Protein chains: 2
Amino acid sequence: MPDIGDLRTRCVLPIGTVIQLTDLTARQIRYYEAQDLVHPERTAGNHRMYSLNHIDTLLEIKGQLADGFTLADIKQLMHPRHREPNSDEEVRQMLRDELMNQSRLNQANNIRQGFGFRP
Amino acid sequence: MPDIGDLRTRCVLPIGTVIQLTDLTARQIRYYEAQDLVHPERTAGNHRMYSLNHIDTLLEIKGQLADGFTLADIKQLMHPRHREPNSDEEVRQMLRDELMNQSRLNQANNIRQGFGFRP
DNA sequence: GGTCAATGTCACCTATTCTAACATCTATCC
DNA sequence: GGATAGATGTTAGAATAGGTGACATTGACC
């Protein structure tokens, strides 16, 4: 029996499937890609193809957005920049950013009303 | 985080994905459906949608075919008929069938050369 | 050689996805 | 209050992917 266990990393899901599995719109999914947050493969016919890992990433993004984070924030959190000469200042900046987002989060929580699952 | 764990039974995979995961052709997949061996759902636009369980079924069919079984045989093996008045005769017949297929299997094995995995 | 099961191929039509552009909405800032 | 920026909606036009149906081909088997 062929191994489909690598299905988590195999890009076999078209955007329609992703829409169903994430409850995001095509517009959102493509926009997050434009913001460099997901990088689906392309078919010979230029159609986007996603893996289950991509799905997880998109769900993470969705959650972070619901928590009040910005796409730029999320990108930083996902791909923390390599240390560079003046890294101290950058780190401080990132911490400041996170704290600011944290405060935004508390405001956002009032609007969230349970992401994903409603009891 | 939404639950995509029921992905095994959720019909979210279009035929193109199934083709990639099974190495079957669209013609084969549709033919097996015409023979009543798989029953994908349909989108509003009449496109077939498969679950991971469907993938497994198709891989089973592929294996059985490679083993020399007939689609009719496979259908019998998958959906054994309910017992009926003259079930004894049917059972004997099915056993005869299986034995015959088993002999065919031995012939077929010479042609198989390792299904799915090549060492 | 004829038959049947399984598959290939082609033509024509519909659905899905693509890009690009413009519109909308909501905070945030001056 | 109006400008700005981030996130998303909407629409148009073109291309790819998938649907059906019919006919052709291949390979066993009698």
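None of these values were measured; they are calculated from a predicted model. In the text below, chain A, chain B and the rest are named by the order of the sequence lines, each starting its count at 1.
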Rounded to the nearest 0.5 Å, what's the gap from CG on B:Leu21 to CG on B:Leu58? Could you check? 10.0 Å
Could you check how far CG of B:Leu65 sits from P of D:dT26, rounded to whole Å? 20 Å
Determine yes or no for a side-chain-to-main-chain donor-acceptor pair under 3.5 angstrom, with A:Lys62 supplying the side chain and A:Thr22 the backbone. yes
What is the separation between atom CD1 on B:Ile15 and atom C1' on D:dT20, rounded to the nearest whole Å? 12 Å
If I take atom CD1 from residue A:Ile15 and atom CD1 from residue A:Ile29, how far apart are they, to the nearest 0.5 angstrom? 4.5 Å
With a 4.0 Å heavy-atom cut-off, tell me which residues in residues 36-48 of chain A come close to DNA chain D, sorted by residue number. A:Thr43, A:Gly45, A:His47
Starting from P on D:dG9, measure out to CD1 on A:Ile19 and report it in whole angstrom. 11 Å
Measure from CD on A:Gln35 to P on D:dA7 and round the result to the nearest Å. 7 Å
Rounded to the nearest Å, what distance is computed from the CG atom of residue A:Leu24 to the P atom of nucleotide D:dG9? 10 Å
Nearest-Å distance for atom pair CE/C1', residues B:Met49 and D:dG19: 14 Å
Smallest separation among heavy atoms of A:Thr17 and B:Pro14, with atom names: OG1-CD, 3.7 Å
My understanding is that only one of B:His39, B:Glu33, B:His54 makes a side chain to side chain donor-acceptor pair (under 3.5 Å) with B:Arg48; could you say which? B:Glu33
Qualifying residue, where the test is side chain to side chain contact (heavy atoms under 4.5 Å, CB included) with B:Leu24 and the options are B:Gln20, B:Gln28, B:Arg27: B:Gln28
Please find the pair of heavy atoms, one from B:Ile61 and one from B:Ile74, that lie closest to each other, and give the distance. O-CD1, 3.9 Å
d(CZ, B:Phe69; P, C:dA5) in whole Å: 18 Å
Is a side-chain donor or acceptor of B:Asp56 paired with a backbone partner of B:Asn53 at a separation under 3.5 angstrom? no
Between B:Thr70 (side chain) and B:Asp73 (backbone), is there a donor-acceptor pair under 3.5 Å? no
So which of residues 25-34 of chain B are in contact with DNA chain C, with a heavy-atom cut-off of under 4.0 Å? B:Thr25, B:Arg27, B:Gln28, B:Tyr31, B:Tyr32
Could you tell me how far apart B:Gln64 (CD) and C:dA6 (C1') are, to the nearest whole angstrom? 16 Å
